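What you see is a predicted model, and the numbers here were worked out from it, not measured in a lab. What's counted below: heavy atoms across the whole structure, side chains too, no hydrogens, waters or symmetry copies. Numbers here are sequence positions counted from 1.
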Amino acid sequence: TTIDAAKSLKVIARVGSGLENVDVAYANSKGIAVVNSPEGNANAVGEHALSMLLNVLNKISISNQAIKNNIWNREYFREEELDGKTIGIIGFGHTGAAFAKKLAGFDVEILVNDILPNKYKTQVDIQQIQSECDVISLHVPYNKSTHHFINDSFINNCHKQPIIINTSRGAVVDTLSIIHAIETKKIK
C-alpha cells in the first residue's frame, strides 16, 4: 500500500472533511496520525447549499436557459418562496451548522438529525424529517452507515415532495433512486 511505501510517513493530512479515501485504522496502527479540516470549507458549503435551494425554488437555471432560447412561460417560471418551509438538516457538524446559519434570515423551521446532540435546534428522528420537511439537506460523512442513505425506502417514506440537497459525498444517495423519484414526482 501507499502507507507501507512511505517509510518515514508521520502524518496524513486531508484538506477538507472527508476521510473515506484514507485507511485511518491502518495508518493509526502504523503510528501515523490522520487529521482533516472539516471546518475549512463549511461556510462555502453552507452558502452553496443555500444557493442550490434558491435555484430550485426560483427555477433560476431552467428559466435562464429558456430565456436564452427565446422561450417565456410566465406561469411555468413562477417561483416558490422559501419562507414558510420546513428544512431538515441531516448531519449537524460544521457544514450542517453553517447551512442553518445561512437560513437564519428566512422564515423557516429547521429540524435537525445528528448522531450527537446539538444545541442549535431541536434534535428529531429521521421519521419526523421524512414526514414534515419540504427540504432535506445532507451534511454527513461517507461511511458504511451512510452509503445510499437516501434510497427508494427513504424517499417512499417522505410525506411531502421534498427537495433533496446533497453536499455530502455522492454515494450517500442512490442515484438511480433519485432519478426514479424525480421522474415519478416523489421529490423535486
Side-chain angles (χ1 to χ4, degrees), residues 16-20 24 36-59 79-188:
S17 58
L19 289 173
E20 70 278 354
V24 176
N36 63 343
S37 57
E39 69 286 343
N41 63 350
N43 187 60
V45 174
E47 287 182 5
H48 185 68
L50 179 59
S51 68
M52 288 192 300
L53 176 56
L54 293 172
N55 182 34
V56 171
L57 288 173
N58 293 292
K59 299 180 180 175
E79 73 282 345
E80 192 174 341
E81 291 185 1
L82 181 55
D83 282 3
K85 301 278 189 255
T86 301
I87 315 293
I89 298 176
I90 300 175
F92 203 71
H94 296 286
T95 58
F99 180 51
K101 186 176 179 183
K102 303 298 174 214
L103 291 166
F106 294 91
D107 182 18
V108 297
E109 180 180 2
I110 298 174
L111 302 178
V112 172
N113 177 273
D114 195 271
I115 58 173
L116 300 172
N118 62 74
K119 296 177 182 171
Y120 183 78
K121 295 288 175 188
T122 304
Q123 180 89 319
V124 300
D125 60 24
I126 291 296
Q127 291 75 25
Q128 188 171 348
I129 286 180
Q130 289 170 307
S131 67
E132 296 181 21
C133 291
D134 303 289
V135 177
I136 299 171
S137 189
L138 304 167
H139 305 273
V140 296
Y142 176 71
N143 55 42
K144 289 178 186 176
S145 68
T146 61
H147 178 78
H148 287 179
F149 183 79
I150 303 295
N151 55 29
D152 289 333
S153 176
F154 183 98
I155 294 165
N156 289 335
N157 285 307
C158 290
H159 296 194
K160 296 183 176 184
Q161 183 188 17
I163 293 169
I164 296 179
I165 299 171
N166 179 24
T167 61
S168 301
R169 299 297 188 249
V172 170
V173 301
D174 179 351
T175 303
L176 294 178
S177 294
I178 293 290
I179 292 169
H180 182 257
I182 291 171
E183 290 172 345
T184 57
K185 300 191 184 316
K186 291 182 180 178
I187 64 172
K188 292 183 181 176

Show your reasoning for whether side chain to side chain contact (heavy atoms under 4.5 Å, CB included) applies to L53 and I165. CA-CA 7 Å; L53 176 56; I165 299 171; 3.6 Å; yes
Does some side-chain heavy atom of [Y] sit less than 4.5 Å from a side-chain heavy atom of [X]?
X    : Y    : answer
S168 : T146 : no
F106 : I87  : no
L82  : L54  : yes
I90  : V112 : no
L57  : E79  : no
V135 : P162 : no

Results of side-chain contact (heavy atoms from CB on, under 4.5 Å) for [X] - residues two or more places apart only:
X    : value
V56  : I163
N156 : D152, K186
I115 : none
D107 : D83

Could you check whether F92 and H139 have their ring centres less than 6.0 Å apart?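 Here the rings of F92 and H139 have centres that are no less than 6.0 Å from each other.
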Among all residues two or more places apart in sequence or in another chain, which pass the side-chain hydrogen bond (donor to acceptor under 3.5 Å, both in side chains) test with [X]?
X    : result
T184 : none
H148 : none
N55  : S61

Does S137 use its side chain to pair, donor to acceptor, with the backbone of I164 at less than 3.5 Å?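 No, the answer is negative, given that no donor and acceptor are paired below the 3.5 Å cut-off.
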Quick one: does any side-chain atom of Q123 pair with a main-chain N or O of D114 as donor and acceptor, under 3.5 Å?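 Such a contact is found between Q123 side chain and D114 backbone.
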Output every pair passing salt bridge (Lys or Arg N to Asp or Glu O under 4.0 Å) with a member in residues 86-98, not counting sequence neighbours, ordered by first then second residue.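 Residue pairs with at least one partner in residues 86-98: there are none.
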Pair listing, salt bridge (Lys or Arg N to Asp or Glu O under 4.0 Å) test, anchored in residues 122-144, at least two apart: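 Applying salt bridge (Lys or Arg N to Asp or Glu O under 4.0 Å) to every pair that reaches into residues 122-144, excluding sequence neighbours, yields D134-K160.
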Sequence neighbours excluded, every pair satisfying ring-ring contact (aromatic ring centres under 6.0 Å, His included) that has a member inside residues 154-188: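 Residue pairs passing ring-ring contact (aromatic ring centres under 6.0 Å, His included), neighbours aside: F149-F154.
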Might you work through the side chain to side chain contact (heavy atoms under 4.5 Å, CB included) test for T95 and N43, ending with a clear yes or no? CA-CA 7 Å; T95 58; N43 187 60; over 6 Å; no
Stepwise side chain to side chain contact (heavy atoms under 4.5 Å, CB included) test for I150 and S177: CA-CA 8 Å; I150 303 295; S177 294; over 6 Å; no
Report the C-alpha distance between H94 and V45 in whole Å, list the side-chain angles of each, state the deciding distance to 0.1 Å, and finish with yes or no for side chain to side chain contact (heavy atoms under 4.5 Å, CB included). CA-CA 10 Å; H94 296 286; V45 174; over 6 Å; no
Just jot down the salt bridge (charged side-chain N to carboxylate O under 4.0 Å, His left out) partners of K188, sequence neighbours excluded, or say none.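 K188 satisfies salt bridge (charged side-chain N to carboxylate O under 4.0 Å, His left out) with E80 once adjacent residues are dropped.
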Partner set under salt bridge (charged side-chain N to carboxylate O under 4.0 Å, His left out) for K102, not counting sequence neighbours: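 Salt bridge (charged side-chain N to carboxylate O under 4.0 Å, His left out) check on K102 returns nothing, list empty.
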Rounded to the nearest 0.5 Å, how far does CD of Q161 lie from CD1 of I187?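 Going from CD1 on I187 over to CD on Q161, the span is 8.5 Å.
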Using the side-chain contact (heavy atoms from CB on, under 4.5 Å) definition, which of the options N157, N113, I89 pairs with I129?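 It is N113; the other options fail the test.
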